[in-house]
S.K.: 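Quick one: the structure is below, questions incoming.
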Amino acid sequence: MTDAIRLQNCQFAYHKNTNVLNIDELTIKKGEKVFLYGPSGHGKSTLLNLIAGVLKASSGNVEVLGQDLSKLNQSARDKLRGEKIGYIFQLFNLIPYLSVKENIELPCLINKKRAQSLTNIEAQAMALIESLGLFDLTTKSVTDLSIGQQQRVACARALIGEPEIIIADEPTSALDEKNNKEFMKLLMNEWEKKKFTLLFVSHDERLKTYFDRTISLPEINRHV
Ligand SMILES: Nc1ncnc2c1ncn2[C@@H]1O[C@H](COP(=O)(O)OP(=O)(O)OP(=O)(O)O)[C@@H](O)[C@H]1O
Ligand SMILES: [Mg+2]
């Protein structure tokens, strides 16, 4: 079976001759729940951006669902991400002038292949709204939500259309203990239902108990 994510001899530098990442090997299987941690500034977000095809490796291979990203141009990488990857950011990136429901539906409207069928986008959005406890907020503007509520909307937006890979970049770092636990519970419930590949980044090592496997970025990254 093809792996979900595979990096080999992968290097990345923002500036010439100063590698941020230098990873010999990283493989994540389809359906795996992986926790990646490491100190601030060590390259966690950079690695996620390489996998999502936002950035391109300076050398080596990054394969996502069997596709070699180095062979794809920027727009083909954007297309692959739009169709196959749900991205939850640390600072949610919700669209302020859209409602909760409209924000959640957006990925399926932008990427037609992300919607299993165009007629069920609304049904999918409503199912996610229901299971993430957002029902009373459906038509509210996202600017009127608490941080914990916004992060649940961001989670629903990443999950709509059932992308094969979910990437989460410190999605709980702005949440208090209670909302943090609630968010993790909801995310894991969704994983139980859909078994997507989950790559979750945090510097909070306590969260590793939710995952199948833990990877320390400093241990796999040889740049220092
Ligand atoms: N756009 C950029 N241009 C130049 N250097 C960058 C850029 N983004 C990040 N860096 C540098 O690359 C290194 C890794 O940054 P990155 O954001 O990947 O770290 P991180 O592990 O995600 O940190 P944090 O836990 O604080 O989010 C840092 O030294 C950072 O200064
Ligand atoms: Mg980061």
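Counting starts at 1 for both ligands and their atoms, in listed order.
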S.K.: Within ligand 1, which atoms have a heavy atom of P39 less than 4.0 Å away?
M.R.: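 Counting atoms of ligand 1 from 1, those under 4.0 Å from P39 are 21 (O).
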S.K.: Counting only nitrogen or oxygen atoms and a 3.5 angstrom limit, does S40 reach ligand 1?
M.R.: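 Yes - when backbone and side-chain N and O of S40 are compared with those of ligand 1, one distance drops under 3.5 Å.
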S.K.: Can you tell me if, anywhere in Q90, an N/O/S atom lies at a distance from the Mg ion (ligand 2) that is smaller than 2.8 Å?
M.R.: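 Looking at Q90, which is the residue asked about, there is no N, O or S atom under 2.8 Å from the Mg ion (ligand 2).
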S.K.: Using a strict 4.0 Å threshold on nitrogen-to-oxygen distance, state whether E83 and R114 make a salt bridge.
M.R.: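 The answer is no: the pair does not qualify as a salt bridge.
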S.K.: So is H203 in contact with ligand 1, going by heavy-atom distances below 4.0 Å?
M.R.: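 Per 4.0 Å heavy-atom rule, H203 does not contact ligand 1.
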S.K.: Between T27 and E25, is there a side-chain donor-acceptor contact under 3.5 Å, judged purely by atom types and distance?
M.R.: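 Side-chain D/A pair, E25 to T27: present.
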S.K.: Could you check whether E205 pairs with K208 (Lys NZ or Arg NE/NH1/NH2 to Asp/Glu carboxylate O, under 4.0 Å)?
M.R.: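 Salt bridge between E205 and K208, a charged N being under 4.0 Å from a carboxylate O: yes.
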S.K.: Checking a contact table here: which protein heavy atom is nearest atom 25 (O) of ligand 1, and how many Å away?
M.R.: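 In this structure, atom 25 (O) of ligand 1 has K44 NZ, 2.6 Å as its nearest protein heavy atom.
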S.K.: Evaluate the 4.0 Å heavy atom contact test for atom 31 (O) of ligand 1: does a protein atom fall under the cut-off?
M.R.: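 When distances to the protein are checked, atom 31 (O) of ligand 1 has no heavy atom within 4.0 Å.
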S.K.: What do you reckon, does G43 have a nitrogen or oxygen under 3.5 Å from a nitrogen or oxygen of ligand 1?
M.R.: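 Among all N and O atoms of G43, at least one is under 3.5 Å from an N or O of ligand 1.
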S.K.: Among all protein heavy atoms, pick the one closest to atom 16 (P) of ligand 1 and tell me residue, atom and distance.
M.R.: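 The protein heavy atom lying closest is T46 OG1, 3.6 Å.
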S.K.: Among protein heavy atoms, which lies nearest atom 13 (C) of ligand 1, and at what distance?
M.R.: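 Heavy-atom neighbour on the protein nearest atom 13 (C) of ligand 1: G41 O, 3.5 Å.
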S.K.: Taking heavy atoms and a distance under 4.0 Å, where does Q90 meet ligand 1: side chain, backbone, both or neither?
M.R.: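 Neither part.
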S.K.: I'd like to know if E190 pairs up with K193 as an ion pair, taking the criterion as any Lys NZ or Arg NE/NH1/NH2 lying under 4.0 Å from an Asp or Glu carboxylate oxygen.
M.R.: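 A salt bridge is present here (some side-chain N lies under 4.0 Å from a carboxylate O).
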S.K.: Is it the case that over 12 heavy atoms from other parts of the model lie below 6.0 angstrom from the OH atom of Y97?
M.R.: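 No, the 6.0 Å shell around OH holds no more than 12 heavy atoms from other groups.
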S.K.: Heavy atom of G38 under 4.0 Å from ligand 1?
M.R.: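 No, G38 has no heavy atom closer than 4.0 Å to ligand 1.
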S.K.: Could you tell me whether K101 and E122 make a salt bridge, using a distance below 4.0 angstrom between a side-chain N and a carboxylate O?
M.R.: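 A salt bridge links K101 with E122.
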S.K.: Regarding ligand 1, does H15 bring an N or O atom to under 3.5 Å of one of the ligand's N or O atoms?
M.R.: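 Min N/O separation from ligand 1 is not below 3.5 Å for H15.
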S.K.: Just need the protein heavy atom nearest to atom 1 (N) of ligand 1, so name the residue and atom and give the distance.
M.R.: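 Going atom by atom, the protein heavy atom closest to atom 1 (N) of ligand 1 ends up being Y14 CE2, 3.7 Å.
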S.K.: Please state which protein non-hydrogen atom is closest to atom 17 (O) of ligand 1 and give its distance, to 0.1 Å?
M.R.: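 Result: S45 CB, 3.8 Å.
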S.K.: Is the shortest distance from a Lys or Arg side-chain nitrogen in D3 or K30 to a carboxylate oxygen in the other one below 4.0 Å?
M.R.: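 Answer for the salt bridge query: no.
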S.K.: Establish, from distance only, whether the side-chain atoms of R77 and Q74 form a donor-acceptor pair under 3.5 Å.
M.R.: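 A pair is found: one side chain offers a donor N or O, the other an acceptor, under 3.5 Å apart.
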S.K.: Evaluate I165 against I28 for side-chain contact (heavy atoms from CB on, under 4.5 Å), listing each step before the verdict.
M.R.: CA-CA 10 Å; I165 299 175; I28 298 176; over 6 Å; no
S.K.: I need the atoms of ligand 1 closer than 4.0 Å to a non-hydrogen atom of V20, numbered in the order shown.
M.R.: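 Result: 12 (O), 13 (C), 14 (C).
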S.K.: Check this for me: does any side-chain nitrogen of one of D204 and R206 sit under 4.0 Å from a carboxylate oxygen of the other?
M.R.: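 Yes.
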